[in-house]
Amino acid sequence: MALKIYNTLMQTREDFKPLRPDHVGMYVCGVTVYDLCHIGHARSAIVFDTIYRYLQAKGYTVDYVKNFTDIDDKIINRANKEGLTTSQVSEKYIEEYYKDMDRLGLKKPTHEPRATMHINDIILFIKGLIANGHAYESGGDVYYAVRSFEGYGKLSGKNIEELEAGARVEPGEAKKDPLDFALWKKSKPGEPSWESPWGDGRPGWHIECSAMSTCYLGQSFDIHGGGMDLIFPHHENEIAQTEGLTKTPFVRYWIHNGFVQINKEKMSKSTGNFFTIREILDRYEPQALRLFVLMHHYRSPIDFSDQSLKEAEKALYRGYSSLRLIQYLPVKGKPVLSPDKMNSFTEKISGFEKGFYDAMDDDFNTAGALSCLFDTLHLLNTYLRDSTLSPDQEAVKKLHGFMKSAADILGVFDSDPQVFLTSRKDKRLAVLGITAGEIEQAIARRASLRREKKFKEADGIRSEMLGRGIAIMDTAGGTLWDIADE
RNA sequence: GGCGGCAUAGCCAAGUGGUAAGGCAGCGGUCUGCAAAACCGUUAUCUCCGGUUCAAAUCCGGAUGCCGCCUCCA
């Protein structure tokens with residue numbers, strides 16, 4: 001099955017056909033670095049990271065560009081407030097950004113350009129737009145003449161006449177038309193500025209993405225992504241700028257992710273209902289956040305809550321617990337299963353594998369893909385349960401191989417199970433204020449009581465430990481312990 | 001006011017024509033000294049009304065409710 005992508009521009013799913021075979025150019029709008037990232041940024045980052053990984057898994061060489069907006073009003077305000085320079089502010093938050101993204105396990109994009117590193121490209125871009133009549137200078141500012149671009153509104157489905165009614169002009173602006181937007185802003189005294197043919201100033205927000213995307217990916221490229229809220233005006237304006245200059249179709253597939261909501265309301269900095277990535281990662285496993293995001297379709301809004309994070313985390317632990325047992329699968333010796341059963345084991349894995357890739361091909365349906373992953377874990381458990389069954393090498397290899405590829409694409413279940421579970425235990429033990437040594441001692445005491453058939457006392461120890469957050473489990477292979485559910 | 005989206009079991013959620021994945025929780029059972037884990041079984045006719053079709057959660061029309069964009073925003 002071929003990859004299908006929902007294209008915002010066409011408002012429908014289309015077969016994905018990149019400009020060049022085996023190669024994909026992808027640009028994703030990054031963050032404005034004036035503060036810590038919140039989980040809305042995390043969602044977007046996780047979604048496009050997964051798309052990036054999947055395209056690579058399909059064999060494409062992907063040029064993935066994700067920018068930093070490092071000059072902007074918000075950064076200037078922040079700098080003034082803290083008595084820093086704008087570049088000190090942006091440097092600081094770029095550093096914080098990387099800390100968060102690393103914890104989320106994001107693959108590095110091919111390029112991560114910053115607006116301030118491309119001022120020249122931006123100026124050239126604007127010069128071109130003035131030269132061909134799409135932009136005009138006005139008192140040190142440069143504006144894009146929206147009405148000069150015929151296709152304006154084609155991405156967001158907006159009608160230029162209706163936009164007119166809602167448009168407003170800020171005092172001091174010298175636009176010819178209220179819809180026009182700034183490409184270059186004259187700098188006020190004390191603001192960071194760059195020399196330009198129109199005097200000292202700085203770029204407007206939209207132009208940097210046009211300049212940087214085409215700089216790295218060419219006049220036309222395959223995928224441009226970002227949050228839903230960027231459709232208008234940001235991406236609409238990018239199209240106007242870029243196609244206005246190049247007279248060539250800009251982007252083939254526009255991909256937009258849905259919002260994170262809290263209590264069914266859009267997460268918003270202004271209303272204060274938001275969580276930063278790090279306050280969530282201090283409480284939950286990064287992979288749990290990732291799993292939570294990927295258990296929903298990327299275009300749907302998702303409602304964030306402690307309950308849903310806890311659920312994702314439980315599913316994560318359960319999966320890792322099964323995964324850990326793969327190494328105990330008897331791989332030596334001949335299959336004990338009848339050929340029929342052996343075939344059905346292998347066939348089932350093939351079925352899950354196909355289901356996984358079909359789902360991913362269907363507009364990156366990670367939720368559907370994950371169900372195949374859980375099905376596979378379930379099959380594994382079924383298998384492990386019956387110790388008389390020993391699958392042959394081939395089948396185990398197949399299961400293992402599929403799990404690994406799927407985990408690498410989704411970025412969940414891709415850690416070493418033993419390491420993952422141990423680190424979880426260590427972290428939780430510290431919180432619970434108990435050591436592994438204490439637990440082992442309790443288990444030893446309990447074991448001798450059990451040998452003496454003093455079950456009541458033995459159970460007492462178990463419930464005491466449970467009270468302290470430790471679950472004790474007797475298995476055929478000995479007594480194990482784990483962190484108890486809350 | 002304009003444009004767009006969503007409504008599926010107790011909760012979350014996938015599913016764009018052929019009688020409903022998966023996760024979390026629950027219930028019954030197997031296993032266990034008892035538990036836990038795991039396994040087996042079980043829990044929905046898809047907001048409502050009308051239409052198209054041999055056949056609709058899926059297409060069309062209408063109603064109700066919720067949300068987003070139209071201003072900086074992932």
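FYI, side chains are in, hydrogens and waters are out, and symmetry mates aren't considered; it's all heavy atoms of this structure. The shown structure was predicted, so the numbers you read here are calculated from the model rather than taken from an experiment. Proteins come first, then strands; the chains are lettered A, B, ... in the order of their sequence lines, and each starts at number 1.
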task: Mind checking side chain to side chain contact (heavy atoms under 4.5 Å, CB included) for K186(A) and listing every partner two or more places apart, or none if nothing turns up?
output: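 So K186(A) forms a side chain to side chain contact (heavy atoms under 4.5 Å, CB included) with D141(A).
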
query: What residues form a side chain to side chain contact (heavy atoms under 4.5 Å, CB included) with E150(A), not counting sequence neighbours?
result: none

Does a distance-only test, which skips hydrogens and angles, find a donor-acceptor pair under 3.5 Å between the side chain of [X] and the base of [N]?
| X | N | result |
| --- | --- | --- |
| R43(A) | rA74(B) | no |
| D229(A) | rC72(B) | no |
| N365(A) | rG15(B) | no |

message: I'd like to check the ring pair (Phe, Tyr, Trp, His ring centres under 6.0 Å) partners of F356(A); sequence neighbours left out, ordered by chain and number.
response: F402(A)

Pairing residues for [X] by the salt bridge (Lys or Arg N to Asp or Glu O under 4.0 Å) criterion, not counting sequence neighbours:
| X | answer |
| --- | --- |
| K154(A) | E243(A) |
| E440(A) | none |
| E82(A) | R78(A) |
| D363(A) | R299(A) |

Looking at [X], does any N or O in its side chain come under 4.0 Å of the phosphate oxygens OP1/OP2 on [N]?
| X | N | result |
| --- | --- | --- |
| K266(A) | rC69(B) | yes |
| N257(A) | rA74(B) | no |
| R450(A) | rC34(B) | no |

Measure all distances between protein nitrogen or oxygen atoms and nitrogen or oxygen atoms of nucleotides 40-43 of chain B, and list the pairs falling under 3.5 Å.
unit_1	atom_1	unit_2	atom_2	d
rC40(B)	OP2	H378(A)	NE2	2.7

- prompt: Nearest-Å distance, NZ (K454(A)) to P (rA35(B))?
  reply: 23 Å

- request: Starting at atom CD of Q307(A), determine the distance to atom C1' of rA13(B), rounded to an integer number of angstrom.
  value: 13 Å

message: Heavy atoms from C-beta onward define the side chain here; which of rA74(B), rC72(B), rC12(B) lies closest to that of P233(A)?
response: rC72(B)

Could you write out each protein N or O paired with an N or O of nucleotides 17-22 of chain B at a distance under 3.5 Å?
unit_1	atom_1	unit_2	atom_2	d
rA21(B)	N3	S371(A)	OG	3.2

field: Pairing stems for RNA chain B [at least three consecutive pairs; Watson-Crick or G-U; under 3.5 angstrom]
entry: B:1-7 with B:64-70, B:10-12 with B:22-24, B:26-30 with B:38-42, B:47-51 with B:59-63

task: May I ask you to check if R147(A) and Y152(A) form a cation-pi contact, with NZ or CZ under 6.0 angstrom from the six-membered ring centre and within 45° of the axis?
output: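 So R147(A) doesn't make the cation-pi contact.
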
message: If you take the centroid of each ring, where Trp contributes its six-membered ring, are H256(A) and H235(A) closer together than 6.0 Å?
response: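 Between H235(A) and H256(A), the centre distance is under 6.0 Å.
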
Which protein N or O atoms sit under 3.5 Å from an N or O of nucleotides 4-6 of chain B?
none

task: Would you mind classifying the nucleic acid contact of G227(A) as base, sugar-phosphate or nothing, using non-hydrogen atoms under 4.0 angstrom?
output: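 Sugar-phosphate contact only.
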
task: For N159(A), enumerate each residue passing the side-chain hydrogen bond (donor to acceptor under 3.5 Å, both in side chains) test, keeping only those at least two apart in sequence or located in another chain.
output: none

query: What distance, rounded to whole Å, do you find between the two P atoms, one in rU16(B) and one in rC6(B)?
result: 12 Å

P-based separation of rG65(B) from rG23(B) [nearest Å]: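 36 Å, rounded to whole Å.
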
message: Less than 4.0 angstrom from a charged side-chain N to a carboxylate O is my criterion; do K176(A) and D180(A) meet it?
response: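 Salt bridge between K176(A) and D180(A), a charged N being under 4.0 Å from a carboxylate O: no.
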
